[in-house]
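In this chain, residues are counted from 1 in sequence order. All heavy atoms count here, side chains included; hydrogens, waters and symmetry mates do not. Since we're looking at a predicted model, the values are computed, not measured. Order of listing sets the numbers, starting from 1, for every ligand and every atom in it.
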Amino acid sequence: MPPADQDPDSGNQYDRFADIYGVWTDTAPAARANLPFYSELYVAAEGPVVELGVGDGRIAVEAARRGARLVGVDASARMLERCQARATAAGVADRLTLVQADFRTFELDTPAALIALPYHSLGHLTAIDDKREALARVFEQLRPGGRFVFDDFVVTDRARAHMRQAQLRSIFKAPDGTDRLLWVTSLLDDPDQRITVITWEDMLDDNGRQIDRQYRKLELSWLTPEQAQTLLEEVGFKIDSCWGDFERTTFDPTRANEQIWVVRRPNSGSRAA
Ligand SMILES: C[S@@+](CC[C@H](N)C(=O)[O-])C[C@H]1O[C@@H](n2cnc3c(N)ncnc32)[C@H](O)[C@@H]1O
């Protein structure tokens, strides 16, 4: 398990990542797959919907365009600025309430019917105690019967081999007009279940020569499905489903690309001690 003594500045690391987040997700197969899944959940929910780690509003603004009203929580001021701008451009700013807060301490005005934490974002809390604290917070902020939906990595040999490759993700024009190549790879630390995602951008001149390179990194960790189940039950959740992909295929550890948990705060009773 990840050591319990780490307190990552997981929101701050996104302040340094915000300007390339859109290019990064536009070219990520997992982001393409999770967008319809979560946006449909938000639109269909009856009652207050909250997206934790709302980021640049990639999912939330799409759901708002389709009529949903949401609260978006994120620790990163830069990501929230992008979300606000995206909501305004889409004409749905009045359907989105944005709150700058941490997964572990956020507080809602009204208990939620649905809280979602998409795109492996629980992984940004790299210590197991921090993950437990966030799950307990979610439990407390849900109304009785309310659902919590999140996904986490499934780290198989196939996934390891894919993540370790250096992948050219995009060629794009930066706001200053220069052409840039966006590359990504990941370092995996199996004993500690840690992933360091490293991106780098090559900035090119008009002749295609590299004039500069910028590196960035994101720290993540993963839970095994067994650890996820244990944590969820410790906190008091009842498990409705665990799917292995965004088409809602029942989780099978030999085939799954994702672990997607749909859990519920029971109608009666408080959090497990
Ligand atoms: C992978 S992005 C997901 C953004 C969006 N949900 C999506 O699917 O595109 C993770 C987001 O979680 C936020 N985040 C990371 N750690 C956080 C924390 N401890 N509390 C609140 N937000 C956090 C980051 O700032 C970032 O915007």
One finds that the ligand 1 atoms under 4.0 Å from a non-hydrogen atom of Glu51 are 5 (C), 6 (N)
Answer yes or no: is there a side-chain heavy-atom contact under 4.5 Å between Val149 and Phe37? yes
Gln13 side chain near Lys217 side chain, heavy-atom distance below 4.5 Å: no
Would you mind running through ligand 1 and noting each atom that sits below 4.0 Å from a heavy atom of Ala101? 20 (N), 21 (C)
Residues two or more places apart in sequence or in another chain: which of them pass side chain to side chain donor-acceptor pair (under 3.5 Å) with Asp109? none
Going by the side chain to side chain donor-acceptor pair (under 3.5 Å) test, name the single residue among His120, Lys131, Gln193 that passes it with Ser221. Lys131
Considering both backbone and side-chain atoms of Tyr119, is one of its nitrogen or oxygen atoms within less than 3.5 Å of a nitrogen or oxygen in ligand 1? no
Compare Ser121, Gly72, Ala28, Gly123 and give the one whose heavy atom is closest to atom 10 (C) of ligand 1. Ser121
Before signing off on this row, confirm whether Asp74 and ligand 1 have an N or O atom pair separated by under 3.5 Å. yes
Examine Pro118 against ligand 1 and note whether any of their N/O atoms are separated by less than 3.5 Å. no
More than 12 heavy atoms from other groups under 6.0 Å of CZ on Arg255: no
Does any N or O atom in Phe103 lie less than 3.5 angstrom from one in ligand 1, N or O only? yes
Using a 4.0 Å heavy-atom cut-off, say whether Tyr14 meets ligand 1 through its side chain, its backbone, both or neither. side chain
I need the atoms of ligand 1 closer than 4.0 Å to a non-hydrogen atom of Leu125, numbered in the order shown. 19 (N)
Centroid separation under 6.0 Å, is that true for the rings of His124 and Tyr14? yes
Apply the test side chain to side chain contact (heavy atoms under 4.5 Å, CB included) to residues Leu231 and Ile128: give CA-CA distance (whole Å), side-chain angles for both, the deciding distance (0.1 Å), then the verdict. CA-CA 9 Å; Leu231 271 187; Ile128 190 75; 3.7 Å; yes
Are any of the N/O atoms on Arg58, whether in the backbone or the side chain, positioned under 3.5 angstrom from an N/O atom of ligand 1? yes
Centroid-to-centroid, Phe139 to Phe237, below 6.0 Å? yes
Regarding ligand 1, does His124 bring an N or O atom to under 3.5 Å of one of the ligand's N or O atoms? no
Record the part of Tyr21 in heavy-atom contact with ligand 1 below 4.0 Å; permitted values are side chain, backbone, both and neither. side chain
For Ile59, counting its heavy atoms only, list the atoms of ligand 1 lying under 4.0 Å from any of them. 8 (O)
Just let me know how Ala75 lines up against ligand 1, side chain, backbone, both or neither, with a heavy-atom cut-off below 4.0 Å. both
Which side-chain N or O atoms in residues 88-95 pair as donor and acceptor under 3.5 Å with protein atoms at least two apart or in another chain?
from  : atom 1 : to    : atom 2 : distance (Å)
Thr88 : OG1    : Gln84 : O      : 2.8
Arg95 : NH1    : Ala64 : O      : 2.4

